[in-house]
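Heads up: the structure comes next, in structure tokens.
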Amino acid sequence: MLGWLVVLTPAVCGPCGGERLERFVASLKFAVVVCGLGLVVPVGLLVVSWALPRRRRYTAGRVICAILAPLALVGLFVLYASLIET
């Protein structure tokens with residue numbers, strides 16, 4: 001989902017040009033780098049949820065990490081959308 005957003009974002013500023021286009025391209029490049037680096041958080045949460053031992057005392061931690069991973073993607077989506085300057 002996030003990948004499609006990145007691919008389709010340049011269509012937002014199709015008719016713009018000049019200084020507005022330069023600002024858009026600069027903000028798009030920055031947003032792509034931030035989101036690329038930000039994907040470490042949900043992947044890390046998934047790895048932790050899989051790596052924790054399958055014992056009763058780690059069940060809550062595994063479940064919390066597994067639930068926070070998609071929520072981190074939603075947060076990353078909101079961050080990406082806020083960084084794009086149209």
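- The CG atom of Leu68 sits 10.5 Å away from the CG atom of Leu46 when rounded to the nearest 0.5 Å.
- Annotation: side chain of Phe30 is in contact with side chain of Leu83 (closest heavy-atom distance under 4.5 Å).
- To the nearest 0.5 Å, atom OH of residue Tyr58 and atom OG of residue Ser49 are 15.0 Å apart.
- Atom CD1 of residue Ile84 and atom SG of residue Cys35 lie 8.0 Å apart, to the nearest 0.5 angstrom.
- To the nearest 0.5 Å, atoms CD1 (Ile64) and CG (Leu71) are separated by 12.0 Å.
- Within a 6.0 Å sphere centred on CZ of Arg54, other residues, nucleotides and ligands contribute more than 12 heavy atoms.
- By the 4.5 Å heavy-atom criterion applied to side chains, Val41 and Leu76 are not counted as neighbours.
- Residues Leu79 and Leu39 are members of one and the same hydrophobic cluster, defined by side-chain heavy-atom contacts under 4.5 angstrom among Ile, Leu, Val, Met, Phe, Trp and Tyr.
- Residues Ala66 and Pro70 approach most closely at O-CD, 3.2 Å, considering heavy atoms.
- The structure places CG of Leu28 at 4.5 Å from OH of Tyr80, a figure rounded to the nearest 0.5 Å.
- Rounding to the nearest 0.5 Å gives a distance of 11.5 Å between CD1 of Ile67 and CG of Leu45.
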